[in-house]
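Atoms considered below: every heavy atom in the structure, side chains included; atoms not considered: hydrogens, waters and symmetry mates. Along the sequence shown, residues carry numbers from 1.
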Amino acid sequence: MQTPLNASASSAGALLSNATFEIPPFQREYSWGTDEVTDFWTDLSNNIDSDSYFLGLIILTDSPDRKSVVDGQQRLITLTLLANAIYHEASKRGREALADRIQADFIRAIDYDSDETAPRVKLSDLRDDGTLQAILDTGIAPQIKEKDSVSARMAESYDYLLKRLKEDLAQDPFKRLGKWTKFLTDRLYFAVFVHPDSSSAYQVYEVINTRGKELTTADLLKNYVLSQTPPNHRADRYEEWQLMQRRFVDEGTNNFVQFIRHAVTVDAGHVLPKDLFGFLAGRLSFTGKNPPTVPDLMALLSRRLPIYLQMIDPSLDGPAQPDALKVFSALNSLGVIAVRPLLLAIADVPNAQEGMEYVLRLVVRRIVVGNLGTGNVERRFGEAARKIADTNDWTSVVNDLRDLNPSRDDFARQLKTRSFNKSVLAFMRRSVVEDSMTPERYGTLHFIWTRQADNWSEMSEEDGVYWSATIGNTFLAELERRPIAIDSWEDFKARLLPYAIEDEWSDILEEVDQWDAEAVDEIGEALADAAATIWFD
């Protein structure tokens with residue numbers, strides 16, 4: 001039977017001076033930004049004259065070396081940064097004894113046998129720990145290139161705390177430094193729970209952080225993966241996980257989780273975002289679907305990561321061939337993500353390029369006559385991806401998805417009359433102009449008639465509203481911005497038509513006498529028929 005949690009109240013000085021701490025790899029990274037650090041500073045500075053101030057709960061697991069911080073790392077790291085600012089300001093202002101006290105209690109532990117020192121707080125990630133230790137050593141936050149990284153957030157937090165501390169010290173530095181040191185050491189309190197079993201830290205972390213406090217899917221997945229990894233391999237597994245997650249820094253954590261879900265979908269079938277952690281951790285079961293083991297999960301993520309990153313950014317180096325990159329770029333132009341599991345599955349089978357072009361055709365046809373936004377369509381794509389992986393043949397799903405394919409006539413009719421957003425219209429117009437399913441992102445889409453064209457006598461307001469966002473009312477130009485005050489068809493032909501991109505239908509437009517509903521209808525029908533030839537014939 002496990003010993004129950006041992007709870008006690010402890011001043012911040014007593015807590016930190018009697019132990020050293022590590023932020024274990026399963027913990028979420030330091031995430032406090034300006035708002036949280038501002039609240040932290042405001043709370044402490046407003047209560048500096050109080051007899052005591054409660055900073056909150058901190059949960060630790062006992063160990064012979066460093067104590068692991070299961071909950072409370074955001075406050076502990078931020079407190080360490082503040083203590084470090086006080087230490088360096090005290091050193092600069094000649095308060096050496098006070099500086100030594102702050103350093104010994106909050107920043108560095110001393111081995112009295114060897115006289116060596118070690119940081120009181122250490123992070124698992126080597127790069128982020130290097131940033132923290134650099135701040136503690138120098139009192140200066142380094143410049144970090146990755147703006148939304150853990151290191152950047154720590155550097156920004158330290159700069160903010162140092163700035164506010166200097167403002168606070170301005171009137172009476174000697175007295176205020178003493179007051180801050182006494183407050184942090186003796187009057188600032190934590191409620192400390194020490195869990196006796198370090199091996200169950202992963203479970204404690206999950207329980208604490210999923211009851212009344214949001215924990216991201218990425219945090220839960222990392223915790224699960226590390227909990228299922230033998231202790232002697234956890235450091236390597238943690239670094240492997242971090243290297244993958246860092247590849248999504250620019251896109252955000254949600255895109256990393258989305259990659260995991262898409263990669264798993266290929267082998268297991270469609271899994272809803274809300275069910276991903278439960279499915280992988282064995283908390284949820286679905287008929288006919290088996291989650292991969294942790295080693296298998298890491299292997300499939302490692303194998304599929306390079307091409308998935310190219311799906312996000314086709315300019316990256318990787319295994320995809322140039323024609324496949326064009327398909328990725330086309331789908332990105334349309335803002336389509338739901339088919340990525342299909343593309344991952346097709347990439348592994350014969351005639352992959354033909355299969356990817358089939359997916360692109362299906363997507364464009366579906367966008368024109370319907371939509372891709374329903375959960376049922378995404379589910380069907382996910383199950384199709386699994387079937388491709390099982391059969392090693394992408395053509396096995398053509399019949400399964402046949403009902404999503406419209407007829408050529410329906411495609412042309414809908415493209416002529418439906419209103420679309422600018423990204424879809426730009427893609428379709430470029431496709432026609434370049435006679436290609438994978439057009440270059442060249443030229444800026446302009447609407448010919450706009451609501452701002454007050455003097456456009458040929459087009460009634462009612463007709464204009466109906467036809468304005470249809471393909472017949474579009475035009476691709478080299479100019480990014482529309483010239484001011486194009487109020488008539490003659491203005492358009494004189495001031496924007498000359499800037500048509502290469503192969504735009506300039507000659508046809510030049511022959512139009514007036515731009516009214518009939519002209520838009522006629523041009524739209526011709527464009528829709530040309531598009532149908534590309535996407536069907």
Side-chain angles (χ1 to χ4, degrees), residues 326 329-330 333-334 360-361 364-365 367-369 406 408-453 455-460 463-537:
K326 291 180 180 180
S329 181
S333 296
L334 295 165
L360 178 58
R361 282 195 299 274
V364 170
R365 294 173 184 179
I367 286 175
V368 168
V369 303
R408 186 190 192 282
D409 289 345
D410 193 21
F411 175 91
R413 182 172 56 254
Q414 297 277 17
L415 183 57
K416 183 186 83 165
T417 57
R418 280 189 67 191
S419 295
F420 297 96
N421 63 48
K422 263 195 164 183
S423 62
V424 172
L425 288 170
F427 178 84
M428 295 307 300
R429 188 74 194 237
R430 289 171 182 143
S431 175
V432 170
V433 168
E434 298 178 31
D435 191 23
S436 172
M437 291 199 311
T438 55
E440 301 290 335
R441 296 190 182 188
Y442 175 59
T444 299
L445 185 88
H446 296 273
F447 293 120
I448 298 175
W449 178 91
T450 69
R451 290 172 184 256
Q452 291 73 37
N455 298 320
W456 206 298
S457 59
E458 304 96 339
M459 182 82 77
S460 71
D463 285 340
V465 170
Y466 180 82
W467 290 104
S468 61
T470 63
I471 194 168
N473 192 50
T474 61
F475 174 75
L476 291 169
E478 294 177 346
L479 292 180
E480 292 186 5
R481 301 188 65 177
R482 183 186 183 94
I484 298 173
I486 293 182
D487 287 340
S488 68
W489 176 234
E490 292 305 318
D491 279 347
F492 178 88
K493 289 200 291 185
R495 301 176 58 199
L496 191 54
L497 189 58
Y499 294 98
I501 68 167
E502 185 178 358
D503 296 325
E504 178 54 285
W505 290 19
S506 306
D507 293 343
I508 296 174
L509 292 172
E510 187 67 52
E511 294 176 0
V512 176
D513 292 330
Q514 61 180 22
W515 196 254
D516 54 13
E518 184 178 347
V520 178
D521 188 8
E522 184 178 339
I523 295 295
E525 184 171 355
L527 286 166
D529 186 66
T533 298
I534 294 167
W535 293 98
F536 281 82
D537 301 342

K.L.:
Would you please name every residue forming a side chain to side chain contact (heavy atoms under 4.5 Å, CB included) with Arg451, sequence neighbours left out?
P.N.:
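Partners of Arg451 under the side chain to side chain contact (heavy atoms under 4.5 Å, CB included) test: Trp449, Glu461, Val465.
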K.L.:
Under the side chain to side chain contact (heavy atoms under 4.5 Å, CB included) criterion, do Arg408 and Thr533 qualify, and how do the steps go?
P.N.:
CA-CA 9 Å; Arg408 186 190 192 282; Thr533 298; 3.0 Å; yes
K.L.:
Mind jotting down which residue pairs meet the side chain to side chain donor-acceptor pair (under 3.5 Å) criterion with at least one end in residues 494-507? Sequence neighbours excluded, please.
P.N.:
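Residue pairs passing side chain to side chain donor-acceptor pair (under 3.5 Å), neighbours aside: Arg429-Glu504.
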K.L.:
How about Thr417 and Thr470: do any of their side-chain heavy atoms sit closer than 4.5 Å?
P.N.:
no
K.L.:
So how far is it from Asp463 CG to Glu518 CD, rounded to the nearest 0.5 Å?
P.N.:
11.0 Å
K.L.:
Do the side chains of Trp515 and Val520 get nearer than 4.5 Å, heavy atoms only?
P.N.:
yes
K.L.:
Going by the rule side chain to side chain contact (heavy atoms under 4.5 Å, CB included), which residues pair with Asp521 if we only count those two or more places apart in sequence or in a different chain?
P.N.:
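In terms of side chain to side chain contact (heavy atoms under 4.5 Å, CB included), with neighbours along the sequence ignored, Asp521 is linked to Lys416, Trp467.
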K.L.:
Over all heavy atoms of both residues, which pair between Ala528 and Ala412 is shortest? Give the atoms and the distance, please.
P.N.:
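What the structure gives for the nearest pair is CB-O, 3.3 Å.
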K.L.:
Measuring from Glu440:CD to Ser431:OG, what's the distance to the nearest 0.5 Å?
P.N.:
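Answer for the CD-OG pair, Glu440 versus Ser431, is 12.0 Å.
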K.L.:
If you count heavy atoms of other groups shown closer than 6.0 angstrom to CD of Glu525, is the number above 12?
P.N.:
no
K.L.:
Going from OG1 on Thr474 to CG on Leu445, what distance comes out if it is rounded to the nearest 0.5 angstrom?
P.N.:
5.0 Å
K.L.:
Flag yes if more than 12 heavy atoms outside Asp513 fall under 6.0 Å of its CG atom; otherwise flag no.
P.N.:
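Check fails, neighbour count at 12 or below.
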K.L.:
For Lys493 and Leu509, which heavy atoms make the closest approach, and how far apart are they?
P.N.:
CD-O, 4.1 Å
K.L.:
Search all heavy atoms of Phe427 against all heavy atoms of Ser333 and return the closest pair with its distance.
P.N.:
CD1-CB, 4.0 Å
K.L.:
Is it the case that the side chain of Asp491 and the backbone of Ile486 share a donor-acceptor pair, with hydrogens and angles ignored and the cut-off at 3.5 Å?
P.N.:
no
K.L.:
Judged by atom type as modelled, is there a donor-acceptor pair below 3.5 Å linking the side chain of His446 to the main-chain atoms of Leu479?
P.N.:
yes
K.L.:
Check whether any side-chain heavy atom of Thr438 lies under 4.5 Å from a side-chain heavy atom of Ser329, and answer yes or no.
P.N.:
no
K.L.:
Taking all atoms of both residues into account, what is the closest heavy-atom pair of Val368 and Arg418, and its distance?
P.N.:
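Answer, listing the atom of Val368 first, then Arg418: O-NH1, 2.6 Å.
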K.L.:
Do you know the tightest heavy-atom contact between Ala531 and Met428?
P.N.:
CB-CE, 4.0 Å
K.L.:
So, Phe475 versus Phe492, ring centres under 6.0 angstrom or not?
P.N.:
yes
K.L.:
How long is the gap from CD1 on Ile367 to CG on Leu415, to the nearest 0.5 Å?
P.N.:
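Between atom CD1 of Ile367 and atom CG of Leu415 there are 11.5 Å.
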K.L.:
Could you walk me through whether Thr444 and Arg482 satisfy the side chain to side chain contact (heavy atoms under 4.5 Å, CB included) test, starting with their C-alpha distance in whole Å, then the side-chain angles of each, then the deciding distance to 0.1 Å, before giving a yes or no?
P.N.:
CA-CA 10 Å; Thr444 299; Arg482 183 186 183 94; over 6 Å; no
K.L.:
May I have the step-by-step check of side chain to side chain contact (heavy atoms under 4.5 Å, CB included) for Asn473 and Tyr466, ending in yes or no?
P.N.:
CA-CA 11 Å; Asn473 192 50; Tyr466 180 82; over 6 Å; no
K.L.:
What's the spacing between Asp409 CG and Phe536 CZ if we round to 0.5 Å?
P.N.:
9.0 Å
K.L.:
Locate the shortest heavy-atom distance separating Ala519 from Val512; write the atom from each residue and the value.
P.N.:
CB-CG1, 4.0 Å
K.L.:
Starting at CD of Glu458, measure out to CH2 of Trp489 and round the result to the nearest 0.5 Å.
P.N.:
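It comes to 9.5 Å.
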K.L.:
Between Glu434 and Tyr442, is there a side-chain donor-acceptor contact under 3.5 Å, judged purely by atom types and distance?
P.N.:
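No, Glu434 and Tyr442 have no side-chain donor paired with an acceptor closer than 3.5 Å.
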K.L.:
Please walk me through it: do Phe447 and Lys422 pass side chain to side chain contact (heavy atoms under 4.5 Å, CB included)?
P.N.:
CA-CA 9 Å; Phe447 293 120; Lys422 263 195 164 183; 3.5 Å; yes
K.L.:
Heavy-atom count check: over 12 atoms from other residues, nucleotides or ligands less than 6.0 Å from Glu478 CD?
P.N.:
yes
